[in-house]
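Notes for the one structure printed next.
Everything numeric here is computed off the predicted structure, so don't read it as measured data.
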Amino acid sequence: MPRLVRDRLTWVMYVQLALWVYFLYGFGPVAPILRDELHISRTLAGLHGTAFAVGGVVGGLMLPGLTRRLGRGRLVWIGLACISAAAVGMYTAHHLALTLAFATLASTGSALEVNAINAGLTDHHGTAAPAAISEANAAAAALGLVAPLVVGATFAAGWGWRLGLAVVVVPVLGIAWYARAHGVRPPEPAGFGAPRVAHRRLPVAFWLALISLFATGSVEICLTLWGSDVLREHAHVSAGVATAAVSALIAGMVAGRLAGGRLLLRFRPSRMLLAALGVSLAGFAIFWVTSTPWLAMAGLCVCGAGMGLHYPLGIGLALAHSDGQPDLAAARASAAVGVSFGLAPFALGALADRVGPHPAFLLVPVFVALSAAAVLRLDRITRPLTSPA
């Protein structure tokens, strides 16, 4: 059984990842508030998901070359600098074009930072990498859990949601000082500093993992951006309560990732992902059917418990089946997640403008089914190469 050793580098990478998630989960639930503030439709508000997508795709395309020239360590800090600049920029952004521009900037930075961290954890922890990635995302979700509460509190207090988002700059500066003081840097890839590296064709198993990542990314962004809107429309809660209630989703994600980190040291990741998809579907069914606020929030929490494992398991499978090319796989994964972040909320927002947010949310189980189909196929073709668990 692989053993996960949490050294200083591991903890620093956990915190770095968490700072992006704070921005993502802090900004996500304010989509309905921003829609009211800017007097725009759900379709236009859904363009923020498209902005996240553009940033993810751009960052993914830039990642292989920048990793080779600059290294993972520098990319992490460049990414965090972009996220910090976007958080501060949002504080003064009162036009759709500006909020879209800063969302794109933050997402581009996240593509550089997150994928450098995932590849670094993979190289640093070897066979225990899936557990490390799951635990890193658990730590990130734990901080993300605070984000809607902070943003909801500053909004309810009359200070505006932007202040709650901008405070992320303080811990970014703190972890930058700590890492510099202790000389903490992620391991660099084999081709670091080389003028050009020839990449091998990625195997079929990788592309199946990529399909799953696209589908589960769609599930996550739809619930993050529009979950609060469904609570407002179907469970009849106030805007402030709906924004803060998304913390129930993130609380479930924290619990799922903490449990998943331990289970991944014993069970095959593909089987774990199938189980997580089942849990997500059950929680979504509770959330979608009920109009009782506390029960809808409970459904979000259960859904989050499964959803919390979608990304770490999906990216872990993609990197594990990359034929020894984790940075290239991370770049492709970033593009896939970016596309999902663009297409899914825009499609859901456009559908919601026609039929309402509650019926439109039936897109979510369609994405869950797509992910399950891809993972089932991946499990079949890789079974002889893995342990019987």
Side-chain angles (χ1 to χ4, degrees), residues 17-18 20-22 24-29 31 49 52 114 118 130 133-145 147-148 209 211-231 245-261 263-264 269-289 296-318 333 336-337 340-341 344-345 348 361-375:
L17 181 63
W20 154 243
V21 175
Y22 179 92
L24 178 63
Y25 290 151
F27 180 76
F52 282 127
V114 172
N118 285 330
I133 292 172
S134 179
E135 195 169 81
N137 281 272
L143 185 59
L145 176 65
I211 292 171
S212 175
L213 273 171
F214 166 81
T216 56
S218 300
V219 171
E220 181 170 345
I221 194 65
C222 284
L223 283 164
T224 302
L225 282 179
W226 296 113
S228 59
D229 207 22
V230 172
L231 283 172
V246 177
S247 292
L249 180 73
I250 305 171
M253 293 175 67
V254 174
R257 286 172 177 174
L258 287 174
L263 292 172
L264 276 167
S270 56
R271 294 291 179 85
M272 286 284 296
L273 182 49
L274 288 170
L277 289 167
V279 172
S280 297
L281 192 58
F284 173 81
I286 297 170
F287 166 71
W288 192 82
V289 168
M297 293 178 198
L300 274 180
C301 188
V302 173
C303 186
M307 196 176 79
L309 288 174
H310 293 175
Y311 176 77
L313 286 169
I315 191 65
L317 286 168
V337 174
S340 74
F341 274 33
L348 194 149
F361 244 59
L362 287 175
L363 277 178
V364 171
V366 173
F367 289 126
V368 172
L370 175 61
S371 176
V375 176

Please step through side chain to side chain contact (heavy atoms under 4.5 Å, CB included) for the pair Val368 and Val219, ending with a clear verdict. CA-CA 7 Å; Val368 172; Val219 171; 3.9 Å; yes
Would you compute the distance between atom CG of Leu348 and atom CG of Leu362 and round it to the nearest 0.5 angstrom? 9.5 Å
According to side-chain hydrogen bond (donor to acceptor under 3.5 Å, both in side chains), who are the partners of Tyr22, at least two apart in sequence or on a separate chain? none
Quick one: pull up OG in Ser212 and CG in Leu277 and give me the separation to the nearest 0.5 Å. 6.0 Å
Distance check, rounded to the nearest 0.5 Å: Leu363 atom CG versus Cys222 atom SG? 6.5 Å
Residues Arg257 and Ser134: closest non-hydrogen pair is O-OG, 3.2 Å
For Phe287 and Ala296, the nearest pair of non-hydrogen atoms, with its separation, is CD1-O, 3.5 Å
Can you tell me how far the CG atom of Leu313 sits from the OG1 atom of Thr216, to the nearest 0.5 Å? 9.5 Å
Quick one: pull up CD1 in Ile315 and CG in Asn137 and give me the separation to the nearest 0.5 Å. 9.5 Å
Determine, stepwise, if the pair Val114 / Leu17 fulfils side chain to side chain contact (heavy atoms under 4.5 Å, CB included). CA-CA 6 Å; Val114 172; Leu17 181 63; 3.6 Å; yes
Got a sec, which pairs hit side chain to side chain donor-acceptor pair (under 3.5 Å) with one end in residues 298-317, sequence neighbours left out? Asn118-Tyr311, Ser280-His310
In short, Ala209 meets Gly314 closest at the heavy-atom pair CB-O, 4.2 Å
Check the orientation of Phe284 and Phe361. Use parallel for under 30°, tilted for 30 to 60°, and perpendicular for over 60°. parallel
Smallest separation among heavy atoms of Leu281 and Pro365, with atom names: CD1-CB, 3.7 Å
Could you give the distance from CE (Met253) to CG (Leu223), rounded to the nearest 0.5 Å? 9.5 Å
How about Leu273 and Leu309: do any of their side-chain heavy atoms sit closer than 4.5 Å? no
Of all heavy-atom pairs linking Gly316 and Ile133, the shortest is CA-CD1, 4.4 Å
Would you find a donor on one side and an acceptor on the other, under 3.5 Å apart, between the side chain of Ser340 and the backbone of Ala215? no
Which pair of non-hydrogen atoms, one from Pro269 and one from Leu317, has the smallest distance, and what is that distance? CB-CD2, 3.8 Å
